[in-house]
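Here is the structure we will look at.
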Amino acid sequence: MSTRIFIPADMLAIALGADDIAAAIADEAKKRGETITIIRNGSRGLCWAEPLVEVQIENTRMAYGNINKGDVSSLFDAGFLTGGVHEKSLGPTEDIAFLKSQTRFIFNTCGLYEPSDVDAYMAHGGFTGLRAALDKTPVQIVDEVQTSGLRGRGGAGFPAAIKWRTVLGATGPQKYIVCNADEGDSGTFSDRLIMEGDPLRLIEGMTIAGLATGATVGVIYLRSEYPIAKTVLETAITRAHAAGWLGADIQGSGKGFDLKVFVGGGSYVCGEETALLESLEGRRGIVRAKPPLPALEGLFGKPSVINNVITLCAVPDILARGGAWHGALGVGRSTGTMPFQLAGDVKYGGLVEAPFGLSLRDLVENYGGGTRSGLGIKTIQIGGPLGAYLPPSTFDTPIDYETLAAIGAGVGHGGIVVYNENTDMREQARYAFKFCAIESCGKCTPCRIGSVRGAEALAEQVPDMQLIEDLCEVMVDGSACAMGGMTPIPVQSAIKHFPNEFAARQRTAAE
Amino acid sequence: MNGWNEKKSVAVIEETFKAGASLTGALRALVDTFGYVDEAAMTPLMKTFARSRAEVLGVISYYEDFRQSPPGRHVIRLCQAEACQAVGGRELTRHAQEKTGLALHETSPDGALTLEPVYCLGLCANGPAALIDGQPVAQLNAAALDTKLTGFEE
Ligand SMILES: Cc1cc2nc3c(=O)[nH]c(=O)nc-3n(C[C@H](O)[C@H](O)[C@H](O)COP(=O)(O)O)c2cc1C
Ligand code: SF4
Ligand code: FES
C-alpha cells in the first residue's frame, strides 16, 4: 500500500521551501522504489515547525519538523516511511504539546487533508452544520447563534446574532453576506491559515449566514497579499458547487447560495467594513458615515452581513453542536474559543486556539516559550497595529474582551507580537503614527494630519510630550473610525509603560 | 508580463465589466495582466464604467497595488510591519536599500529592480518576510537577500 505523506502548501510552508521538499521526497521515493502518495495539506498552525512533514502510519500521523531539502535522504535512511526516528522527529502530531493542549473546533480539521477535498471534509464532520441549518427556519438559526454568544473576531467583538437579526428583519429583493478577509493586522494570520487550509469551512459558514438572513449572494473580500488563498478558495468554491453544496438548490433543499472572491487593492483601512464596501463597489476606500448601518444599507445599498473569516468559520460547529455548547466555552460574555496568533520574536510561533480566559503568560511563555532570539521579553503588542503595548507585569491578566479593556487593551483579531529587550519603544510609538499616516483614508483631519505631526514629534531629540498627548486626544475625539481613533492606544500604552524612553536622548530616532 | 498591449487591455476591461466587476475589479485585472495601469487605459475605463477622468484617477491613486508605471523586471516587497520589526525587519530593509541604492517605492534606472514596502504578509511567526517576484519568503536575512540579488544579475 502506498504511504501517505503530508506536506503543507500554505503560504508559510511554501515560503520555507515546501514545494522543493515535496519534489525532493517524490524523487527520492522513486529512486528507492518506494510507493508514496504526497498530499499537499493545509497548515496545522505549528509555524515554528514548518515545513512540517507528516507520514501516515495506520491511524497515527508521525511528524517531522523544520524539514529542508537536505534532510530528505536521511529521512528515508531513518525509515520515516514506517515512522522511523530521525533527529527532526516530533513524534505523533496529535501528541505535540503545543497542539495537544489546545481546544480546537474552528481549526480542528485544518491541515488534516487536501484543502478543497469535499469528501475528506465531510468525513471529518464537514457540512453537518449546514445540514442542520437547512432543516431550520432563519429565526431558529439566528437564535442558535445568539445562544452561542458568538462575537465578531475581526476586532470589534460585536455580537454576530444582532447583525444577523437586523439583516433578517430588513426587507429587500437582494441581501448579501460579505466576508471580511482583509486581515491587515500585523501579527495575525488565522484567516490566512483557515482559508488556505480549510476553505470549505468558510464556505459552509457563509452559506449558513445566507440561510439565516435570506441572503443568496456572498463575497469574500480578500487582501491581495494572500495570493495562495485566492487560488485555494476558488478551487473550493468550484468543488462545493460540483458537490451540490453551493448553487441554486443546495442538496435538493430548494434553497440557494452562491459566492465569489474579490481581491483588494493593498489598503489597510479597506478592512474597515464601510471602506471595504466602497472598495467592492469600485471607489476609493473611504470610510462611510454610520448610520445607515451596513446591515440595512450595505453592499450596493442592500442589507448586508459583514463578518470576519473566523466569525463565519465558528458558525458550522455552532449549528452542528448547538449554541449552548459554544456558550459554555470561555468566560463571561467572551464565549467560545479564540484562535490566537503568536508572532514576532517568539520561539514557538503559530496558531493557538483556546477558550477565552487563559492568561497572556500562558500564551507567551507556556505556548510561545519566550523569545526566538533568547533575549528577555520587553513587551507584547496585542491586537494588531491599533493594539496596546503591554509589559511583562501585566502577563497574568486573563484574556477576555472585558478584562483586557479594563487594562486599556483589546483582543482585536487575536494577534500577539512579542518584542525582546532591545526594542526601542519610542520608535514603536512613532511607527504607530507613521502607519496611521500611510493608511489613513483622509476623511478626518485629526487622523490625516495628527498622525503625521505625531510621527514628526517623536522623531525629535526632545519630543514634546504635551503635544503628543494633545494629538492623541484630538484623534480619539475627532476620528470617524478606529484607524485614527485607536492609533493613540499603541502610542499612549508605550508612553505609560515605558516612560523613560520618551525622555530627551542623544541620538535621533532611526528611520 | 511583457509590456502594455492596447488591444488586450481593452479586452480585459470589457471582460471584467461583463463579468459584473466594478472599476476596482477591472484595475485589479489590468495590474494582474500587465503589472500596472497604463495612461492609455484611462479612456476605455472612463467609458466602460461611466466615470470621470478625475474619479478613475482618484481610484487608481488611492490603492497601493494599482501602479501607474511598469515595475522593474524583479520586484522585492519587504514587510515593514510590527512582527517583522521585532525580528530585524528594519535592519533588513536598511540593508536592502544600501545594497541596491534604492529607496522604498523606487525602481532602478535600468528597470531591473523595484523595492517596495508591504505591510504584513501573514508570515508573522517566521519573519522577516518578503515577496520576491511574487514568491513568499520567510526567515529572510541579509545573506539570503544578497544571494537573491546576485541571482537577478545573472
Ligand atoms: C482600520 C480598520 C481596519 C479593520 N480591518 C479589519 C480586517 O482586516 N478584518 C476584519 O475582519 N475586520 C477589520 N476591521 C473591523 C471591521 O470594520 C468590522 O468590524 C468587522 O469586519 C466585522 O466583522 P466581525 O463582527 O465578524 O468581527 C477593521 C476596522 C478598522 C477600523
Ligand atoms: S479615522 Fe482616519 S481612516 Fe478612519 S475615517 Fe477618519 S480619516 Fe479615515
Ligand atoms: S508582520 Fe511581517 S509578515 Fe506579518
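Chain A is the first sequence line, chain B the second, and so forth, proteins listed ahead of strands; every chain is numbered from 1.
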Only residue of Leu12(A), Ile67(A), Asn66(A) satisfying side chain to side chain contact (heavy atoms under 4.5 Å, CB included) with Glu50(A) is Leu12(A)
In terms of heavy-atom pairs under 4.5 Å with chain B, the winner among Val263(A), Ile14(A), Ile416(A) is Val263(A)
**Prompt:** With no hydrogens and no angle check, is any side-chain donor or acceptor of Asp345(A) less than 3.5 Å from a backbone partner on Arg372(A)?
**Reply:** yes
The interface call for Val87(B) against chain A, heavy-atom contacts under 4.5 Å, is side chain
Note: vs chain B, highest number of non-hydrogen pairs under 4.5 angstrom among Gly349(A), Gly187(A), Ala432(A) is Gly187(A)
* **Sidechain-backbone polar pair: Asn420(A) side chain, Gly374(A) backbone, donor-acceptor under 3.5 Å** => no
Between the side chain of Gln341(A) and the main-chain N/O of Pro339(A), is any donor-acceptor distance below 3.5 Å? yes
Whatever's closer than 4.5 Å to a heavy atom in chain B on Asp185(A) counts as backbone
If one checks every heavy atom of Val269(A) against chain B at 4.5 Å, the contacting part turns out to be side chain
Under the 3.5 angstrom rule, does the side chain of Asp191(A) hit a backbone N or O of Asn308(A) as a donor-acceptor pair?
no
From the list Glu183(A), Arg192(A), Glu281(A), the residue making the most non-hydrogen contacts under 4.5 Å with chain B is Arg192(A)
(Q) Once you measure the plane-to-plane angle for Tyr431(A) and Phe435(A), does it fall in the parallel (<30°), tilted (30-60°) or perpendicular (>60°) bin? (A) parallel
Greatest number of non-hydrogen atom pairs under 4.5 angstrom with chain B, of Gly384(A), Gly442(A), Gly415(A), Gly285(A), falls to Gly285(A)
The interface call for Cys270(A) against chain B, heavy-atom contacts under 4.5 Å, is side chain
- Quick one: does Ser43(A)'s side chain have a donor or acceptor within less than 3.5 Å of a partner on Gly45(A)'s backbone? yes
If you tally heavy-atom pairs under 4.5 Å between each of Gly350(A), Cys441(A), Ser373(A) and chain B, the highest tally belongs to Cys441(A)
**Request:** State whether the side chain of Arg51(B) and the backbone N or O of Gly282(A) hold a donor-acceptor pair below 3.5 Å, judged by distance alone.
**Result:** yes
Checked Gly184(A), Gly264(A), Gly17(A), Ser190(A) vs chain B; the most non-hydrogen pairs under 4.5 Å come from Gly264(A)
So, the part of Glu55(B) with a heavy atom under 4.5 Å from chain A: the answer is neither
With chain A, the option among Gly58(B), Gly127(B), Ala125(B) that has the most non-hydrogen atom pairs under 4.5 Å is Ala125(B)
Bottom line for Thr423(A): the part with an atom under 4.5 Å from chain B's heavy atoms is neither
Under 4.5 Å to a heavy atom of chain A? For Ser61(B) that would be side chain
Looking only at Leu23(B), Val59(B), Asn126(B), the option with the highest number of non-hydrogen pairs under 4.5 Å against chain A is Asn126(B)
Is the backbone of Leu375(A) close enough, under 3.5 Å, to the side chain of Glu421(A) for a donor and an acceptor to pair up by distance?
no
Query raised in the report: Using 30° and 60° as the class limits, which term best fits the ring planes of Phe34(B) and Trp4(B): parallel, tilted or perpendicular?
Result: tilted
